[in-house]
Number of protein chains: 2
Amino acid sequence: MDFFQEQAVTSSDKAFFRLRKEIVEGVIPSGTKLSETELSTKYQVSRAVVREAINRLEACNIVERKANIGARVVSLSPEGLIELYQVRESLEGMAARLAAQHMTATEITELNALLNSQSDEVKNAELYYQEAGDLDFHYRIILGSKNSHLISMLVNGLYHLVRMYRVQLGMAGPRVTSAFDEHRHIVQAISNRDPELAEMLMRRHITYSKNNIEAKLQNSL
Amino acid sequence: MDFFQEQAVTSSDKAFFRLRKEIVEGVIPSGTKLSETELSTKYQVSRAVVREAINRLEACNIVERKANIGARVVSLSPEGLIELYQVRESLEGMAARLAAQHMTATEITELNALLNSQSDEVKNAELYYQEAGDLDFHYRIILGSKNSHLISMLVNGLYHLVRMYRVQLGMAGPRVTSAFDEHRHIVQAISNRDPELAEMLMRRHITYSKNNIEAKLQNSL
DNA sequence: ACCTCTAATATTGTCTACAACTTTTCATCA
DNA sequence: TGATGAAAAGTTGTAGACAATATTAGAGGT
């Protein structure tokens, strides 16, 4: 599931990853107050490492912190989702544009191979893998941009929030196949070294995706 | 100079602001290793608050940190500058688009007033204020987007890096007046509630700006 | 002189204690 | 009964000590 190996070296890393995982997957519900002392006993580490983990979560926009009061998990809302996807549209559009310029031929070949392997899964409607496959696709294009700021913002920041929305709304829907076709077209544009088109297609793709998840959100929230 | 009042409530805030200021303005040169103990004695605070300040600087991409080794100030490079401006183009383009949709009439009026007041300064070539004025202009449009992610990424993150490049390369140049005209056109588009045009003009504006600073960088680095 | 291994030093990571602030509790008074 | 305010309890912020890791210095061997 995690394509990019984040390896925890310090104890604080471990706490950060664990906490993030539990929040994204809804084990710790959105809106929850994060008590440093409580978490430190739960995780069997000192308050200092929990504190550092929470600070890093704040930098990811996964928790909100107020001085002398504490941190709480962000709450999910239609407005928040829209804002998130507006930024995604902007950044991933640029990523696609840059990918069309900077991806190597072999990277593009591998991207095509990925789509081919996913093609079967789409027919068989293996939704779980499709969801992971979607992440994998976007992830490769982001990396293909070769822009470290872009990569960091999307991979370390926004994508965990995106996943949080998806997981907690129980994604996987009728958009699977159409999204797959959109992926195809984007790769085609990258293949043709057409930055403008790649950006435009990616932006549309994300807009559609936003509309889809937004519709679900209306029902479940 | 700081239009958005960031008020330091904790000791860690103060250390963070001070450290950021010294780095951006080049008092602490880029590439410098940041020793926690050294800074804690220099600032007369505990290592814990320095450590937290450094963590926050890392989240801003102003310092790079490695586990068990330490943090050092990022080094400026042509590649880094290009990457930074690519992200700026993307995010501020979107900000202009959203501003065209979401800015209130009074906000737009005030923005026009700002430009009018700057018009005189441009004629008198008061470069210092022009530089600050440029920041003010961009800042208002970013706020006008009403997108909290966008605002946070740009204001808390990228802009300090942008300033770092500008300060350390000694900006203020022949682009002042032409940049001013571009600002006019952008506001016009926002005024007309034309998101597409606003975005396009902002993106071009930033691209020009990038080319300008890039030229300077070739000489001085 | 150069490389290697080891010990000493220095730096970062973690833990615990204390200080400052916030929230809650509860007694007092209108 | 409800409001007010002070004390108590709980939480976060800061400090300093200890542990673990990285860097440096130096002795020994080739």
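Letters A, B, ... are given to chains in the order of the sequence lines, protein chains preceding strands, and every chain is numbered from 1.
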Mind listing the residues from residues 36-46 of chain B sitting with a heavy atom below 4.0 Å of DNA chain C? Number order is fine.
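Of all residues in residues 36-46 of chain B, the ones placing a heavy atom under 4.0 Å from DNA chain C are B:E36, B:T37.
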
DNA chain C contacts made by residues 54-67 of chain B, counting heavy atoms under 4.0 Å
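Only B:R65, B:A67 qualify.
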
Quick test of your reading: applying salt bridge (Lys or Arg N to Asp or Glu O under 4.0 Å), list the pairs with at least one residue in residues 143-161 of chain A, sequence neighbours left out, ordered by first then second residue.
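Output for this query lists A:E107-A:K146.
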
Sequence neighbours left out, what pairs pass salt bridge (Lys or Arg N to Asp or Glu O under 4.0 Å) with at least one residue falling in residues 91-105 of chain B?
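Matches after skipping sequence neighbours: B:R88-B:E92, B:R97-B:E196, B:R97-B:E199.
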
Please tell me which of A:S12 and A:N68 maps to the more 5' nucleotide of DNA chain C, matching each residue to the nucleotide holding its nearest heavy atom.
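Looking at the nearest nucleotide for each, A:S12 comes out on the 5' side.
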
Could you give the [atom1]-to-[atom2] distance, from [X] to [N], as a whole number of Å?
X     : N      : atom1 : atom2 : answer
A:K14 : C:dT14 : NZ    : C1'   : 12 Å
B:L34 : C:dT11 : CG    : C1'   : 13 Å
A:I69 : C:dC21 : CD1   : P     : 13 Å
B:R72 : C:dT12 : CZ    : C1'   : 14 Å
B:R51 : C:dT12 : CZ    : P     : 9 Å

State which residues pass salt bridge (charged side-chain N to carboxylate O under 4.0 Å, His left out) with B:R72; sequence neighbours excluded, sorted by chain then number.
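In terms of salt bridge (charged side-chain N to carboxylate O under 4.0 Å, His left out), with neighbours along the sequence ignored, B:R72 is linked to no residue.
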
With A:R51 via salt bridge (charged side-chain N to carboxylate O under 4.0 Å, His left out) - residues at least two apart
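Testing A:R51 for salt bridge (charged side-chain N to carboxylate O under 4.0 Å, His left out), a comparison that skips the adjacent residues, returns A:E36, B:E52.
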
Residues forming a side-chain contact (heavy atoms from CB on, under 4.5 Å) with [X], sequence neighbours excluded:
X     : result
B:E58 : B:N55, B:V63, B:R65
B:T32 : B:I28, B:P29, B:V73
B:N61 : A:H149, A:S152, B:L161

Return yes if a side-chain donor-acceptor contact under 3.5 Å exists between B:S12 and B:T10, otherwise no.
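There is no such pair between these side chains.
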
Any side-chain donor-acceptor pair under 3.5 Å between A:H183 and A:D134?
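The answer is yes; a qualifying pair exists.
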
With B:S90, which residues qualify under side-chain hydrogen bond (donor to acceptor under 3.5 Å, both in side chains), at least two apart?
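Counting only residues at least two positions away or on another chain, B:S90 forms a side-chain hydrogen bond (donor to acceptor under 3.5 Å, both in side chains) with A:S90.
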
Reading DNA chain D in the 5' to 3' direction, which nucleotide is the first one with an atom under 4.0 Å from a heavy atom of chain A, and which is the last?
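Answer, 5' to 3': D:dT11 to D:dT14.
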
Counterpart residues, ring-ring contact (aromatic ring centres under 6.0 Å, His included), relative to B:Y159 (two or more places apart):
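So B:Y159 forms no ring-ring contact (aromatic ring centres under 6.0 Å, His included) with any residue.
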
